[in-house]
Peer 1: 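I have a structure here, written as structure tokens, and I will follow up with some questions on it.
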Amino acid sequence: MWCRETVNQVLRNPAYIGNVVHGKLRNMLQREYEDDGKMTKRKVQIKTAKEEWNVVENAHEPLIDRAVFYKAQQILFSRGHKRSPGRAYHPLTGILFCGKCKEGIVCQKRTFNGKEYRYYICKTYHKYGRHRCDQANVRADELEAAVINLVRKKLQDIPSDIFTMKVVVGNELGRLEDEIKSINKRIQKLTKDQMDLFQQRELFPEDVYTREMLAKKQQIKIAHEECEIVNQRMANLQKSDAEVSSLQYIFEEFRELNVENERIRGLFHELIKSILYKSGDIEVIYTYSFDWLVK
């Protein structure tokens, strides 16, 4: 099914300029040893490092001119966090909800003495009346200004040096990659020792063979658990790095924008998951986790 992610994958796919990438996955025969020392085999696929990929250029007739494709990559890189601005007229529509009945809040317009006024109104109140939800209407310009102030304050709470952490994150990711390589080498050695022991099992008493085989199996299990922990740490760092990049872009734009700017709706929807409004109280739920940023 077509969606934004599908379009994003198409725009980044080098196959459209005639390049084919091989080796993203590698087949591997994995041996497993039961508690009694018996061996079974199964095929698994593992992801390979990017530097191990095999890129074949001009493998087939391109569908897109290379200059156009690379220009698209530049645009994606420089504007990757931007979304379609949509209409800035009602920037909170779609993310604003009633704190009483939890229904969405929409924007309405009224004209009085030749002057137009905008206000946000709860869907339940608008459709069924005050007896179903007594949430009062709120002036759109006042609520939008209040949300902008809350967001700016949230962004200002981020330490000024947080955006310099990308270098630190990059260094830490490199260290973790080296750690994973070291653990994988240890797993390979233990697996080889396990296979050698299996091939020489007739040289050992049964109880010695079983004890040594179980010890190797436990060591391999522990190494895999260590690798999983490091991989999770890398995933968390990569997520943090992506959030910092997005927030840096949002932070720089937000300092200059006001309600009338056409980009304000896009930024609101980029940064905010939802807003609960209840009798003057505003609760903003953000798309990003700020906890680790403001420690």
Side-chain angles (χ1 to χ4, degrees), residues 5-6 8-10 12-15 18-60 165-246 288-289 291-293 295:
E5 183 59 30
T6 308
N8 186 53
Q9 291 173 0
V10 168
R12 298 176 187 273
N13 191 346
N19 293 354
V20 176
V21 181
H22 299 285
K24 289 186 177 182
L25 297 173
R26 182 170 67 244
N27 291 325
M28 180 178 176
L29 188 64
Q30 181 172 299
R31 296 176 174 84
E32 295 182 348
Y33 296 86
E34 305 298 333
D35 290 348
D36 59 1
K38 294 182 179 179
M39 182 185 69
T40 58
K41 300 178 183 179
R42 67 187 184 96
K43 290 183 179 181
V44 296
Q45 284 190 327
I46 60 173
K47 293 181 179 180
T48 60
K50 193 171 182 178
E51 55 268 20
E52 297 180 31
W53 296 355
N54 180 28
V55 180
V56 181
E57 296 193 3
N58 301 313
H60 56 78
M165 72 173 290
K166 289 178 70 63
V167 175
V168 177
V169 170
N171 292 337
E172 179 66 5
L173 285 172
R175 187 190 70 77
L176 292 175
E177 286 178 356
D178 291 339
E179 188 173 343
I180 288 176
K181 289 178 181 178
S182 176
I183 295 173
N184 284 333
K185 286 181 180 179
R186 179 158 35 110
I187 292 173
Q188 290 174 5
K189 183 180 184 306
L190 286 168
T191 303
K192 182 179 182 302
D193 292 344
Q194 197 178 40
M195 184 169 62
D196 291 342
L197 181 63
F198 176 75
Q199 292 174 344
Q200 300 174 28
R201 61 189 180 281
E202 295 179 356
L203 302 178
F204 300 91
E206 184 176 347
D207 60 332
V208 174
Y209 168 74
T210 302
R211 183 175 64 250
E212 290 298 317
M213 185 61 75
L214 289 175
K216 297 292 184 187
K217 183 177 180 180
Q218 181 64 19
Q219 291 172 0
I220 292 173
K221 178 183 177 183
I222 292 173
H224 278 296
E225 290 173 352
E226 292 176 5
C227 193
E228 181 63 28
I229 291 172
V230 177
N231 274 321
Q232 186 59 52
R233 171 67 176 156
M234 287 185 65
N236 291 339
L237 277 177
Q238 289 166 343
K239 179 181 177 183
S240 300
D241 188 44
E243 288 192 352
V244 168
S245 297
S246 296
Y288 300 88
S289 171
D291 294 340
W292 63 274
L293 290 169
K295 289 180 180 178

Peer 1: I need the minimum non-hydrogen distance between Ile180 and Val230, along with the two atoms involved.
Peer 2: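 Closest heavy-atom pair between Ile180 and Val230: CG1-CG1, 3.4 Å.
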Peer 1: Counting only heavy atoms not in Glu206 (residues, nucleotides, ligands), do more than 12 fall under 6.0 Å from its CD?
Peer 2: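 12 or below, so no.
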Peer 1: Looking at residues at least two apart in the chain, or sitting in another chain, which of them share a side chain to side chain donor-acceptor pair (under 3.5 Å) with Lys221?
Peer 2: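 Checked Lys221 against side chain to side chain donor-acceptor pair (under 3.5 Å); zero matches.
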Peer 1: Could you measure the distance from the CD1 atom of Ile229 to the CG atom of Leu176? Nearest 0.5 Å is fine.
Peer 2: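 The CD1 atom of Ile229 sits 12.0 Å away from the CG atom of Leu176.
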Peer 1: Let me confirm one number: the CZ-NZ distance from Arg211 to Lys216, rounded to the nearest 0.5 Å.
Peer 2: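 Spacing of CZ (Arg211) from NZ (Lys216) equals 12.5 Å.
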Peer 1: Hey, what do you get for NZ (Lys189) to CD1 (Ile220), rounding to the nearest 0.5 Å?
Peer 2: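 It comes to 11.0 Å.
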Peer 1: Would you say Ser182's side chain and Asp178's backbone share a donor-acceptor pair under 3.5 angstrom?
Peer 2: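 No, because the side chain of Ser182 does not come within donor-acceptor range (under 3.5 Å) of the backbone of Asp178.
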Peer 1: For Glu226, which residues count as a side chain to side chain donor-acceptor pair (under 3.5 Å) partner, sequence neighbours excluded?
Peer 2: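 Side chain to side chain donor-acceptor pair (under 3.5 Å) check on Glu226 returns Arg186.
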Peer 1: Counting N and O atoms only, with roles assigned by atom type, does the side chain of Asn13 sit under 3.5 Å from a partner on the main chain of Gln9, one being a donor and the other an acceptor?
Peer 2: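 Side chain of Asn13 to backbone of Gln9: no pair is present.
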Peer 1: Restricting to non-hydrogen atoms, name the atom on Phe204 and the atom on Leu197 that form the minimum distance, rounded to 0.1 Å.
Peer 2: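 For Phe204 and Leu197, the tightest heavy-atom pair comes out as CE1-CD1, 3.6 Å.
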Peer 1: Please check if the side chain of His224 supplies one atom and the backbone of Ile187 the other of a donor-acceptor pair under 3.5 Å.
Peer 2: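 It does not hold such a pair.
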Peer 1: Say you draw a straight line from CG of Asp207 to CD of Glu212; how long is it, rounded to the nearest 0.5 Å?
Peer 2: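 Between atom CG of Asp207 and atom CD of Glu212 there are 10.5 Å.
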Peer 1: Between Arg175 and Glu179, does a side chain to side chain contact (heavy atoms under 4.5 Å, CB included) hold up when you go through it step by step?
Peer 2: CA-CA 6 Å; Arg175 187 190 70 77; Glu179 188 173 343; 3.2 Å; yes
Peer 1: Before giving the answer on side chain to side chain contact (heavy atoms under 4.5 Å, CB included), spell out for Lys192 and Asp196 the whole-Å C-alpha distance, their side-chain angles and the decisive distance to 0.1 Å.
Peer 2: CA-CA 6 Å; Lys192 182 179 182 302; Asp196 291 342; 3.0 Å; yes
Peer 1: Which atom pair, heavy atoms only, marks the closest approach of Ala223 to Ile183?
Peer 2: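 Nearest heavy atoms, Ala223 then Ile183: O-CG2, 3.4 Å.
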Peer 1: How long is the span from the CD atom in Gln194 to the CG atom in Leu214, to the nearest 0.5 Å?
Peer 2: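 With rounding to 0.5 Å, CD (Gln194) is 9.5 Å from CG (Leu214).
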